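Reviewing the structure listed below.
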There are 2 protein chains.
Amino acid sequence: MKEGPDIARVAALLGDPARANMLTALMGGRALTASELATEAGVTAQTASSHLAKLQDGQIVLARKQGRHRYFTLSDPDIVEVLEALMGIAQRTGHNRLRTGPKDPALRRARVCYDHLAGEMGVVLFDSLLARKYVIVAPEGTGLSNAGVAFVRDLGIDLESLRQSRRPLCRECLDWSARRSHLAGALGAALLDHFYAQGWARREKGSRVVLFSPAGEKRFNDICQI
Amino acid sequence: MKEGPDIARVAALLGDPARANMLTALMGGRALTASELATEAGVTAQTASSHLAKLQDGQIVLARKQGRHRYFTLSDPDIVEVLEALMGIAQRTGHNRLRTGPKDPALRRARVCYDHLAGEMGVVLFDSLLARKYVIVAPEGTGLSNAGVAFVRDLGIDLESLRQSRRPLCRECLDWSARRSHLAGALGAALLDHFYAQGWARREKGSRVVLFSPAGEKRFNDICQI
DNA sequence: TTCATCCTTCGATGCTAATCGAAGCATTCC
DNA sequence: GGAATGCTTCGATTAGCATCGAAGGATGAA
């Protein structure tokens, strides 16, 4: 009644179906325009505009104007985490809007969580990095060991430029489908980019699914090998 | 639009002020009756009953009938985590319902997060356990090292009975005030109980604040000493 | 049994907010 | 310049839901 931050205002922002659809779409990581989000949410442009104003006011999304378009992104990694956590609860309590189809297993297998890899393959990757002590979880924050630095360099990823961003290099993100953590942060994003660049995987159009080619999956398993 | 669990239903449940007040009260960890929750939320018993039915239906809370009372608790550690995470966002975006008073600093210092210690002191405790490698964060779950087992035994805590519960022994929980993790799980709860039992600390009545006595804080610092 | 307490159900009310049509800016394209 | 596109503002409508009064079970106390 009297102490603590006000959950209700934030939760109410996420609690409208149209807004939730928009946010789920933004979990795909690409910046989307107001009209794309309107389509995703299944509402008209006017309605979407009103919703987006509220989300922006509540600092859930960021807007960037470019030409006559306005591109929206999620404002903060914490938002991404809360959304994934909410998905976990929704899932467990049987509130899913899945039309059970081929998408469902594929989503669990490998999907984009904003800009990094989630799903079973994301968890496998994270676990293998932890098991080899390439990634260390410490009180002052998760980070790379010396061996981890070498591993990332060997993959051909430019660590220096990653370190220059204000974004934390490594970050845990709880996975709603696997109920385990996967790797987020600048490195998480860079690894997924690497998979794309090497042609191991690509995004399925219009969804969060990440499709690995047979050869790509083999290479992926190789680098996860302990 | 078509894939992934339905965030909106869950978030909407948390997004009503009355329900959010109830849930915040339940973060105190004690089971509360329907009428207590009505008072916390500032609504009549009828209204509270309707809200509680929804929360129960959505599997956010559990009800246990005892005599003519119905006691409610949060249903799941994941719910606790989501609530704390939402508090973090609400806080950062300046949506707090704090009447800035002495409570605020005290809440940041030490408070109950369901049934374990949170706030600065909770974070200090967790960090010190990690630094001494008493608690190990591993892919297959957070756990106690042999040294950690000895440490806990020395405190006079019965580990065997803790292990017998289905609840995980160690668990990380993100702290909204410190933006760092503190220790949850059966051990987290047992440690806080220990602090109470030793007379080092007590609950402030009607709030989540944990008050350490000067002597108790000294003892607490001793056991956190590396 | 009778009364009191705790909680729920029912029904009515009222408010909030989502929605969309229509119109108005802003920007880009031709 | 004019037309087209992307987005926002305004206003009116509507639906959903929180709220509470009144009444009805259930449990425990006397």
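Lettering of chains follows the sequences in order, A, B, ..., and the numbering in each one begins at 1. Values in this document were obtained by computation on a predicted structure and should not be read as measured data.
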Below the 4.0 Å mark, does [N] have OP1 or OP2 next to a side-chain nitrogen or oxygen of [X]?
{"X": "B:Thr44", "N": "D:dC20", "result": "yes"}
{"X": "B:Lys54", "N": "D:dA18", "result": "yes"}
{"X": "B:Arg19", "N": "D:dA18", "result": "yes"}
{"X": "A:Thr47", "N": "C:dT19", "result": "no"}

### Query
Which atom names give the shortest non-hydrogen contact between B:Met27 and B:Leu74, and what distance separates them?
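Scanning both residues completely, I find the closest heavy atoms to be SD-CD1, 3.8 Å.
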### Task
Write down the atom of A:His182, the atom of A:Val123, and the distance for their closest heavy-atom approach.
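Heavy atoms only, the tightest pair is CB-N, 4.1 Å.
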### Query
DNA chain C: B:Phe72 or A:Asp16, which has the more 5' nearest nucleotide?
B:Phe72
### Query
On DNA chain C, nearest-nucleotide positions of B:Ala45 versus A:His51: which is more 5'?
B:Ala45
For [X] and [N], what is the distance between atoms [atom1] and [atom2] respectively, to the nearest whole Å?
{"X": "B:Leu37", "N": "C:dT8", "atom1": "CG", "atom2": "C1'", "result": "15 Å"}
{"X": "A:Gln66", "N": "D:dC7", "atom1": "CD", "atom2": "C1'", "result": "15 Å"}
{"X": "B:Met22", "N": "C:dC7", "atom1": "CE", "atom2": "P", "result": "11 Å"}
{"X": "B:Leu52", "N": "C:dC7", "atom1": "CG", "atom2": "P", "result": "9 Å"}
{"X": "B:Asp57", "N": "C:dT9", "atom1": "CG", "atom2": "P", "result": "12 Å"}
{"X": "A:Leu13", "N": "C:dT16", "atom1": "CG", "atom2": "P", "result": "17 Å"}
{"X": "A:Leu55", "N": "C:dA17", "atom1": "CG", "atom2": "C1'", "result": "14 Å"}

By nearest atom, which of the nucleotides [options] is closest to the [X] side chain?
{"X": "A:Arg70", "options": "C:dT19, C:dT8, D:dC7", "answer": "D:dC7"}
{"X": "B:Ser35", "options": "D:dC7, C:dC7, C:dT27", "answer": "C:dC7"}
{"X": "A:Arg68", "options": "C:dC6, C:dT28, D:dT19", "answer": "C:dT28"}

#### Entry: First of A:His69 and A:Gln46 reached from the 5' end of DNA chain D, by closest nucleotide
A:His69
### Check: B:Ser50 side chain, B:Gln46 main-chain N or O, donor-acceptor pair, under 3.5 Å
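Side chain of B:Ser50 to backbone of B:Gln46, a donor-acceptor pair under 3.5 Å: no, none is there.
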What side-chain donor-acceptor pairs closer than 3.5 Å can you find for residues 184-193 of chain B, not counting sequence neighbours?
none

### Message
Within the 4.0 Å heavy-atom criterion, would you say A:Ala48 contacts the bases, only the backbone, or no part of the nucleic acid?
### Response
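Result for A:Ala48 = nothing.
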### Query
With B:Ser177, which of B:Gln91, B:Arg111, B:Glu120 fulfils side-chain hydrogen bond (donor to acceptor under 3.5 Å, both in side chains)?
B:Arg111
